[in-house]
2 protein chains.
Amino acid sequence: METPDPFDIWLPLARAHKSILATVEAALKQAGLPGLDWYDMLWELERAGNEGLRPYELQQKLLLPQYGVSRLADRLAKAGYLIRQECSGDGRGQILLLTAAGAETRAQMWTVYSEAMQQAVTPHFSPGEARRLAELLAKFLRPSPADKI
Amino acid sequence: METPDPFDIWLPLARAHKSILATVEAALKQAGLPGLDWYDMLWELERAGNEGLRPYELQQKLLLPQYGVSRLADRLAKAGYLIRQECSGDGRGQILLLTAAGAETRAQMWTVYSEAMQQAVTPHFSPGEARRLAELLAKFLRPSPADKI
DNA sequence: CTTATATAGATGCAGCTGCATTTACACGAG
DNA sequence: CTCGTGTAAATGCAGCTGCATCTATATAAG
C-alpha cells in the first residue's frame, strides 16, 4: 500500500485557506467592517449571552494565545463592542460582555461574511463533493486514532 | 437538492490549517530553524537555480504582496541566504539568487518540515481518505466553473 | 529629445504578534 | 497568619504586516 504524501493535502489546503481568507477579509474591509478575528470574539460573546465569558475561556474557544485575547479584548472594548466586568468570586479575573453595539456590528458582519464565504467556496464543488469534503475535514477535529492516552 | 453550507467546509478547514501550521512551526522553532515563509522563498529560489528569480516572480509564486517579498528578501539577505544581483536589461529590477548557506538551511528545514507534516496530517486519515481529500482540495486550485472568461 | 504613464522595488508609519516578564490574586501547607 | 506555588490577565520590547507613498527606471506618444 502506497503511503500518501501529506503535502498532497497540505499544499492545496494552505492555498485554499489563503484564498478564502483573502476573499472574505477583502469583502469585510470593502464594507468598512472589522476583520474575522473581531468577528470570532464577538460571536463567542454573543453565544455566551448574559453570562459573558472569561478571557481564558475565549482563549480555548478561539485558539488564541493569552496575550492575543487580552489585546483583542482591548481593541473591542475601545471600539465599544464589549465591556469588562469585575468577576465576583475571582479577584484576578474579569467577565467580558457583549454590548448592543457589538451585537449590531456582528450582525452586519455576518451578512457580508456569509455571502463572501458562499462565493468563495460553493462554486468549486458539487453538493456531493462539498458534503464529502466537509466530512473528511471534520476528521481533523477529533484527536487522531494514534493519540491514545 | 439541499444547498451545502460553505461553513461546513470553512470551519474545519480553518481549524485544520491552524493546527497543522502550529505543529510544523513549532517543530521548526524547536530545531532552531526559520519559519515556513523563509522556507517557501528558499525553495522557489532553489528551484530557479542559477537563473535566480525576480522579486515580482516570487510575488506571484508565493502569493505575497510586493512589500512582503521585498522585506522577506531583506531578511534572507541579511541572514546570508540569498544575494541580490543587478538585473542586466532592466535597471529597476534585480535578480535574487540562493547562496550555498541558503540551500543548506533549506535542506535542514526540509527534514524537520516533512517529518512534522507527516505527523500532523497522516494519523487522521486512511490512505484512501487522504487521496480523496487531496483530490477534493485540488479543486480549489483551478478557477471555479463559474469563472468563465 | 521631451513628456506622460506604467512598472520594479523600497520605505515611513501605524498597528499587530510573539516572547518574556510582571502584577495581582488564589490556594494549600505549615 | 505567612509563605510558596499556581493561575488570570496585562505589558514592554522587538520584529512583522498593511497601507500609502516614494524613487528609479522603462516605455510609449508626440
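Throughout, protein chains are lettered first and strands after them, A, B, ... in sequence-line order, and every chain is numbered starting at 1.
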Visitor: Roughly how many Å is it from CD in B/Glu57 to P in C/dT7, rounded to a whole number?
Guide: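 Spelled out: CD on B/Glu57 to P on C/dT7 is 16 Å.
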Visitor: Just N and O in the side chain of A/Arg92: are any of them under 4.0 Å from OP1 or OP2 of D/dG6?
Guide: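 Result: no.
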Visitor: Between A/Leu96 (CG) and D/dA8 (P), how many Å, whole number?
Guide: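 Distance, rounded to whole Å: 14 Å.
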Visitor: Which whole-number value in Å describes the distance from A/Leu72 CG to C/dG18 P?
Guide: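 One finds 12 Å between P of C/dG18 and CG of A/Leu72, rounded.
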Visitor: Side chains of A/Glu135 and A/Arg132, heavy atoms from C-beta outward: is any pair under 4.5 Å?
Guide: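 In short, these two side chains touch, coming nearer than 4.5 Å.
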Visitor: Any donor-acceptor pair under 3.5 Å joining the side chain of B/Arg84 to the base of C/dG9?
Guide: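 Side chain to base: no pair present.
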Visitor: Mapping A/Arg75 and A/Gly91 to their closest nucleotides on DNA chain C, which lands nearer the 5' end?
Guide: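 Result: A/Arg75.
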Visitor: When you measure from the side-chain N and O atoms of B/Lys29 to the phosphate of C/dC19, is any distance below 4.0 Å, counting only OP1 and OP2?
Guide: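 B/Lys29 to C/dC19 OP1/OP2: side-chain N or O found under 4.0 Å.
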Visitor: Does OP1 or OP2 of D/dA10 have a side-chain N or O of A/Ser70 closer than 4.0 Å?
Guide: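 It does, given that an N or O in the side chain of A/Ser70 lies less than 4.0 Å from OP1 or OP2 of D/dA10.
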Visitor: Within this structure, what is the NZ-to-C1' distance between A/Lys78 and D/dA10, rounded to whole angstrom?
Guide: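 Distance check: A/Lys78 NZ to D/dA10 C1' gives 13 Å.
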Visitor: What integer distance in Å separates B/Asp37:CG from C/dT17:P?
Guide: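 Rounded to the whole Å, the gap is 16 Å.
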Visitor: Can you say whether a donor on the side chain of B/Arg71 sits under 3.5 Å from an acceptor on the base of D/dG18, or the other way round?
Guide: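 Per atom types, the contact qualifies.
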Visitor: Do B/Trp38 and B/Tyr113 have their ring centres less than 6.0 Å from each other?
Guide: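 Aromatic pair excluded; centres sit 6.0 Å or further apart.
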Visitor: Over how many whole Å does the gap from B/Leu76 atom CG to D/dG15 atom C1' extend?
Guide: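 These atoms are roughly 15 Å apart.
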Visitor: Just checking B/Trp10 against A/His17, ring centres under 6.0 Å apart?
Guide: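 Between B/Trp10 and A/His17, the centre distance is under 6.0 Å.
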Visitor: Going by modelled atom types, is there a donor-acceptor pair between the base of C/dA8 and the side chain of B/Gln94 at under 3.5 Å?
Guide: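 Check fails, no donor-acceptor contact within cut-off.
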Visitor: Would you say the ring centers of A/Trp110 and B/Phe7 fall short of 6.0 Å from each other?
Guide: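 They qualify: ring centres under 6.0 Å apart.
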Visitor: Nearest-Å distance, CG (B/Leu21) to C1' (C/dT17)?
Guide: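 After rounding, the gap between these two atoms is 14 Å.
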Visitor: Please give, in whole Å, the distance from D/dT17 C1' to B/Leu62 CG?
Guide: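 After rounding, the reported distance stands at 16 Å.
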Visitor: What about B/Gln66: does its side chain form a donor-acceptor pair under 3.5 Å with the base of C/dA8?
Guide: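 Side chain to base: no pair below 3.5 Å.
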Visitor: Measuring to OP1 and OP2 of C/dG18, would you say a side-chain N or O of A/Tyr67 lies under 4.0 angstrom away?
Guide: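 Result: yes.
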Visitor: Let me check something: do B/Tyr39 and B/Leu97 share a hydrophobic cluster, defined by ILVMFWY side-chain heavy atoms less than 4.5 Å apart, either directly or through other members?
Guide: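 No, B/Tyr39 does not connect to B/Leu97 through the hydrophobic network.
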Visitor: Need one value for A/Asp90: base, sugar-phosphate or nothing, where a base atom within 4.0 Å counts as base even if backbone is also close, heavy atoms only.
Guide: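 Sugar-phosphate contact only - A/Asp90 comes under 4.0 Å of backbone atoms but never of a base.
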